[in-house]
Amino acid sequence: MSGSDDARKFYAKLMAAHARSADPRIEEVFASVPREAFLGPGPWTVFAGDGGFKTPTADPSYIYQNVLVVLDADKGINNGEPVLHAMWIGKVEPKPGETVTHIGAGTGYYTALLAKLVEPGGSVTAFEIEADLAARAKANLAAYGNVEVVAGDAVAGPLPPSDIIYVNAAVVAPPAAWLRALKPGGRLVFPWRPAERVGLAVLVTRMEAGFACQPFMGSWFIPCAGASVAGPEARVPTRERAIRTRSIRLSEDKAPDRTATAVFGDVWFSSRAIRAGAGGKR
């Protein structure tokens with residue numbers, strides 16, 4: 001076994017520990033999917049602090065740790081932090097047979113992990129708006145028969161019905177179409193960036209009575225084209241109000257009320273929790 005194989009196996013154990021999940025397949029997929037296959041030829045530029053520097057050689061061992069790897073320096077696009085993704089994957093709990101929509105797929109590394117976690121019977125639709133990255137993702141994921149890469153905008157139109165929507169670009173609010181695309185019990189995880197100084201990872205679960213919302217960690221991603229600028233009428237939250245959010249509502253179902261922590265047109269955030277098993281609109 002090579003040093004990079006050993007490094008990948010150890011990395012997989014670390015990622016599974018960070019995922020805090022009882023699913024043993026999370027360690028298996030981090031061990032089986034080669035990260036270097038999605039990064040282009042090494043040496044690679046890793047990003048740390050306020051700048052980047054190259055790995056000494058093209059030995060993949062250097063990228064089997066919690067490092068951002070630069071994909072497009074000019075646009076600030078990286079292959080994201082593995083620990084963050086391990087934690088997000090642990091939160092959304094992909095299961096065999098589920099349908100995933102991945103928004104902001106980059107060159108496809110985390111798409112590949114999601115694709116393996118929904119086997120057998122599941123599938124992933126991966127959106128990437130940057131044409132060159134989408135082309136790389138298509139090539140990198142060609143061997144994954146349950147993945148379709150869409151070179152296009154996930155904000156402009158409806159999404160396929162999804163058990164999981166996994167978003168890797170920051171939005172001021174999830175478009176209403178994303179919420180509507182969630183199947184019953186479906187999970188949406190996204191970077192919420194309603195204001196310059198507010199960056200939170202949020203887990204949304206579609207319940208019978210609405211969309212439960214759980215901010216669970218700090219998170220900073222590049223902006224999502226078409227969904228990252230608040231309109232002049234928006235009610236933008238402070239970090240404290242954002243953290244208190246417990247549900248997301250569609251304005252067409254219920255107008256914003258005194259529980260609103262933030263309002264962005266047809267989507268608003270509330271401090272009122274959704275009660276499990278509660279029926280009807282609230």
Side-chain angles (χ1 to χ4, degrees), residues 8 25 28-47 58 60 63-64 67-82 84-86 88-89 92 94 96-171 175 177-178 181 188-191 221-227:
R8 194 189 325 158
R25 301 175 312 136
E28 292 167 14
V29 299
F30 272 103
S32 65
V33 176
R35 191 182 187 194
E36 66 272 20
F38 295 85
L39 303 179
W44 303 277
T45 299
V46 300
F47 192 86
I63 46 98
Y64 285 116
V67 290
L68 295 163
V69 181
V70 173
L71 297 176
D72 187 327
D74 292 339
K75 293 178 179 173
I77 300 173
N78 305 305
N79 180 249
E81 187 179 4
L84 177 147
H85 286 276
W88 284 28
I89 289 168
V92 297
E98 290 194 318
T99 303
V100 178
T101 299
H102 186 189
I103 297 172
T107 56
Y109 175 55
Y110 296 108
T111 312
L113 298 174
L114 292 165
K116 283 191 169 288
L117 287 166
V118 296
E119 289 178 338
S123 62
V124 182
T125 302
F127 285 84
E128 176 49 56
I129 199 168
E130 297 287 342
D132 55 334
L133 295 182
R136 289 173 64 183
K138 282 185 179 180
N140 293 338
L141 294 162
Y144 292 75
N146 64 337
V147 175
E148 178 190 2
V149 177
V150 178
D153 184 354
V155 174
L159 299 183
S162 306
D163 296 295
I164 294 172
I165 302 176
Y166 192 93
V167 184
N168 292 153
V171 298
W178 294 5
L188 159 68
V189 65
F190 70 97
F221 276 78
I222 63 168
C224 180

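Note that the structure is a prediction, hence the values are computed from the model and not measured.
Note that the CD1 atom of Ile89 and the CZ atom of Phe30 stand 4.5 Å from one another [nearest 0.5 Å]. For the atom pair NZ of Lys138 and CD of Glu148, the computed distance is 8.0 Å after rounding to the nearest 0.5 Å. Taking CG from Asp132 and CD1 from Ile77, the interatomic distance works out to 7.5 Å, rounded to the nearest 0.5 Å. Between the CH2 atom in Trp44 and the CG atom in Asn79 there is a gap of 11.5 Å [rounded to 0.5 Å]. Separation of atoms CG (Leu68) and CD1 (Ile63) is listed at 12.5 Å; rounding is to 0.5 Å. The CD atom of Glu119 sits 8.5 Å away from atom OH of Tyr144, with the distance rounded to the nearest 0.5 Å.
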Without placing hydrogens or testing angles, list every side-chain donor-acceptor pair under 3.5 Å for residues 103-118, not counting sequence neighbours.
from, atom 1, to, atom 2, distance (Å)
Thr107, OG1, Phe38, O, 2.6
Tyr109, OH, Tyr11, OH, 2.8
Tyr110, OH, Gly80, O, 2.7
Thr111, OG1, His102, ND1, 2.8

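Residues Gly40 and Arg136 share a closest heavy-atom pair of N-NH2, 3.8 Å. When all heavy atoms of Pro160 and Ala181 are compared, the pair lying nearest together is O-CB, 3.7 Å. Residues Ile164 and Pro94 come closest through the heavy atom pair CD1-CA, 3.5 Å. In plain terms, the two heavy atoms of Val67 and Arg35 that are nearest each other are O-NH2, 2.8 Å. Residues Ala58 and Gly42 approach most closely at CB-C, 3.6 Å, considering heavy atoms. Residues Ser32 and Pro34 share a closest heavy-atom pair of O-CD, 3.3 Å.
Evaluated for a side-chain contact (heavy atoms from CB on, under 4.5 Å) with Leu141, the options Val149, Asn146, Val124 yield exactly one hit, Val149.
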Evaluation steps, side-chain contact (heavy atoms from CB on, under 4.5 Å), between Val70 and Asn78: CA-CA 4 Å; Val70 173; Asn78 305 305; 3.6 Å; yes
field: Arg8/Glu36 under side-chain contact (heavy atoms from CB on, under 4.5 Å): CA gap, chis, key distance, verdict
entry: CA-CA 10 Å; Arg8 194 189 325 158; Glu36 66 272 20; 4.0 Å; yes
- prompt: Passes side-chain contact (heavy atoms from CB on, under 4.5 Å), Phe47 versus Thr45? Steps please.
  reply: CA-CA 7 Å; Phe47 192 86; Thr45 299; over 6 Å; no
task: Report the C-alpha distance between Val171 and Val155 in whole Å, list the side-chain angles of each, state the deciding distance to 0.1 Å, and finish with yes or no for side-chain contact (heavy atoms from CB on, under 4.5 Å).
output: CA-CA 10 Å; Val171 298; Val155 174; 5.9 Å; no
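The backbone N or O of Tyr166 lies less than 3.5 Å from no partner atom in the side chain of Trp88, so there is not a single donor-acceptor pair.
Between Thr99 and Pro161, the closest side-chain pair of non-hydrogen atoms is not below 4.5 Å.
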